[in-house]
Protein chains: 2
Amino acid sequence: MQIDYKQAAEIIRSCDDVHILTHQSPDGDTLGSGYALYFALKQLGKRAAVICPDGETKRYAFISEGYTEENFEPKTVIAVDVADPSLLGSVREIYENRVNLCIDHHVSNVMYAEKTLLNGRAAAACEVMYMLFKELGIKTDSNIARCLYTGIATDTGCFKYGNTTADAHRIAAELIGYDIDFARINREMFDIKSRQRIRLEQHILNNMEVFFSERCGVLCITDEFRSELGVADEELDGIAGLPLQIQGMEVAVTLKEKSTGGFKISMRSAGRVNVSAICTKLGGGGHVNAAGCFINESLEEAKKKILDLTGKALGELN
Amino acid sequence: MQIDYKQAAEIIRSCDDVHILTHQSPDGDTLGSGYALYFALKQLGKRAAVICPDGETKRYAFISEGYTEENFEPKTVIAVDVADPSLLGSVREIYENRVNLCIDHHVSNVMYAEKTLLNGRAAAACEVMYMLFKELGIKTDSNIARCLYTGIATDTGCFKYGNTTADAHRIAAELIGYDIDFARINREMFDIKSRQRIRLEQHILNNMEVFFSERCGVLCITDEFRSELGVADEELDGIAGLPLQIQGMEVAVTLKEKSTGGFKISMRSAGRVNVSAICTKLGGGGHVNAAGCFINESLEEAKKKILDLTGKALGELN
């Protein structure tokens with residue numbers, strides 16, 4: 001059942017012993033909204049713990065500064081930025097049927113939770129969280145500001161993408177006043193790369209396949225490619241947008257071979273192509289400019305399916 | 001003489017036949033504030049022309065959409081984002097002693113104009129311009145919004161750098177409501193590169209020299225290097241920040257050999273080092289995180305001077 005901010009605030013006020021669930025392969029928005037909610041619940045005098053299906057990466061460790069782990073049996077389960085229970089990964093079985101509240105901004109949310117606070121116009125789950133905190137009268141502090149800013153900045157590519165809302169800017173204007181080193185956060189989220197990463201990206205771009213008058217770039221990350229390069233999966237995070245760096249590119253497709261078979265597809269769009277519509281047709285979902293799906297077939301078959309739909313969306317195929 | 005927004009508005013209201021001067025090697029902020037002022041003056045029924053010392057690059061052509069060139073003798077000269085008359089380049093002799101008003105945000109402004117509206121806390125000259133327009137009662141339209149947004153976005157690295165103010169975010173929140181394709185602007189300003197550019201950057205990074213426990217990267221762009229690569233000066237715009245992409249780098253130094261002798265130095269800082277203080281000591285200036293100067297000596301001498309000051313600022317030299 002979909003609920004509004006007032007109703008969600010009521011649930012938060014009356015709940016206790018909360019397990020907060022983030023999605024697997026956690027990003028800045030799911031972790032930012034998860035830990036922001038933790039700090040807000042602490043302010044309200046409640047017990048809370050953040051559960052990350054994959055554990056956390058070093059990259060985002062700064063978000064949880066000030067967090068204290070506690071073990072307890074949850075009375076309430078809240079999922080943040082989790083559009084589908086399949087994204088709960090390793091903790092899916094434990095929590096899938098007992099999510100009391102889901103706080104999200106994905107229009108593709110499948111409404112698996114008992115109650116869902118969904119704002120599909122928000123740039124980030126952290127934007128929804130900010131509005132909810134206002135409703136609750138939560139006092140913004142530097143921990144909350146750091147978490148919310150990180151989520152909004154990462155989900156908008158630092159206010160660069162078309163999903164950036166006026167509210168995202170207005171909220172950021174307030175949050176950067178709370179003694180957060182946003183320049184450092186942004187530098188670490190967007191700018192800094194290891195020398196190895198720089199070489200890796202170069203190699204990936206040099207091996208990109210190009211289709212439809214150079215409007216679509218395809219990256220195939222097979223097991224063979226990975227072992228050739230000697231890189232772990234984690235090191236390949238964030239490569240999906242690489243082809244869009246190149247003049248004229250409108251759609252980027254990344255096919256990552258899964259160890260259990262099949263291909264995880266990530267699509268990015270820089271123009272008018274709605275990649276969420278393409279991925280939805282293949283059983284996935286996401287946003288207009290960033291979406292994903294899974295195709296359990298051979299590389300050639302997976303590529304063919306994606307390229308057929310992409311070519312049509314670009315008007316290059318009938 | 002320094003004046004406030006009210007006084008500057010009075011000058012704008014009573015002036016006519018305005019030549020608007022941008023600085024040489026124009027960037028998004030000087031062009032954005034220059035053309036925004038043009039559109040505002042048109043709204044006030046005045047004659048105006050934008051004078052770019054170097055002409056304009058294709059990269060920023062979108063800023064001036066809707067501009068109509070007119071030839072007339074100026075009664076008023078207004079410089080925007082021009083901290084020093086030396087930045088007037090090829091038109092310096094014509095205008096240097098007759099700038100009636102300078103609108104700027106560089107604390108290093110040498111106060112060469114008859115009157116100067118300076119807001120050193122503003123992230124961009126376009127932020128100052130926005131405030132001035134409010135004072136003037138100018139109606140924001142999509143032309144003005146596009147110009148001001150571009151200036152603020154480019155001078156803050158799309159709201160990424162430490163110079164980003166709460167006002168910059170608040171103004172952006174308003175401007176993106178005026179039917180401007182900010183995602184496309186940002187993509188073109190920050191993301192898109194030609195394949196050639198990608199290769200060029202790789203080559204430059206591979207030839208970077210590294211000092212002070214890998215905290216300082218130095219790029220030497222000599223005539224020899226340029227002709228080896230076969231690139232024009234314009235193609236090397238924006239390389240100054242490249243070393244800061246690499247983990248651990250705090251200061252980036254670029255030395256570009258000038259055809260007339262000596263080296264143009266660009267410095268960028270990602271940490272606490274104030275590169276403006278360093279460049280000021282060498283006769284230049286700028287911002288805490290981005291500054292420049294000119295050293296009329298050999299490459300070795302120029303490098304030595306810069307590295308000596310940088311090493312001290314990093315605490316690596318006494």
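Here the structure is a predicted model, which means the values were calculated and not measured. Numbered from 1 within each chain, the chains take letters A, B, ... in sequence-line order.
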Side chains of A/C147 and A/F39: does their closest heavy-atom pair fall under 4.5 Å? yes
Is A/F159 in contact with chain B via its backbone, its side chain, both, or neither, using a 4.5 Å heavy-atom distance? both
Does B/I306 reach the side chain of B/I265, with side-chain heavy atoms less than 4.5 Å apart? yes
Compare all side-chain heavy atoms of B/L219 with those of B/V253 and state whether any distance is below 4.5 angstrom. no
I need the A/C220 SG to A/I204 CD1 distance, nearest 0.5 Å. 11.5 Å
Can you find a heavy atom in the side chain of B/V273 that is under 4.5 Å from one in the side chain of B/L314? yes
Chain A shares the most heavy-atom pairs under 4.5 Å, among B/I185, B/L175, B/L244, with B/L244
Would you call B/L200 and B/L229 a side-chain contact if the rule is heavy atoms closer than 4.5 Å? yes
Interatomic distance, A/I152 atom CD1 to A/I171 atom CD1 [nearest 0.5 angstrom]: 4.5 Å
When heavy-atom pairs shorter than 4.5 Å are enumerated against chain A, which of B/A168, B/G162, B/A153, B/G248 gives the highest number? B/G162
Do you know which of A/G241, A/A173, A/A183 has the most heavy-atom pairs with chain B at a distance under 4.5 angstrom? A/A173
Proximity breakdown for A/L205 and chain B, heavy-atom pairs closer than 4.5 Å: side chain
Tell me, side chain or backbone of A/I176 under 4.5 Å from chain B's heavy atoms, or both, or neither? side chain
With a 4.5 Å cut-off on side-chain heavy atoms, are A/L255 and A/V218 touching? yes
Closest contact, heavy atoms only, A/A240 versus A/A252: O-CB, 3.4 Å
What would the table of donor-acceptor pairs between chain A and chain B look like if you include every N and O pair under 3.5 Å, whether backbone or side chain?
from, atom 1, to, atom 2, distance (Å)
A/K160, O, B/N186, ND2, 3.2
A/K160, NZ, B/D191, OD1, 2.8
A/H169, ND1, B/H169, ND1, 3.0
A/N186, ND2, B/K160, O, 3.2
A/R187, NH1, B/L244, O, 2.4
A/R187, NH2, B/M249, O, 2.6
A/D191, OD1, B/K160, NZ, 2.8
A/K193, N, B/Q245, O, 2.5
A/K193, O, B/Q247, N, 3.0
A/L244, O, B/R187, NH1, 2.4
A/Q245, O, B/K193, N, 2.5
A/Q247, N, B/K193, O, 3.0
A/M249, O, B/R187, NH2, 2.6

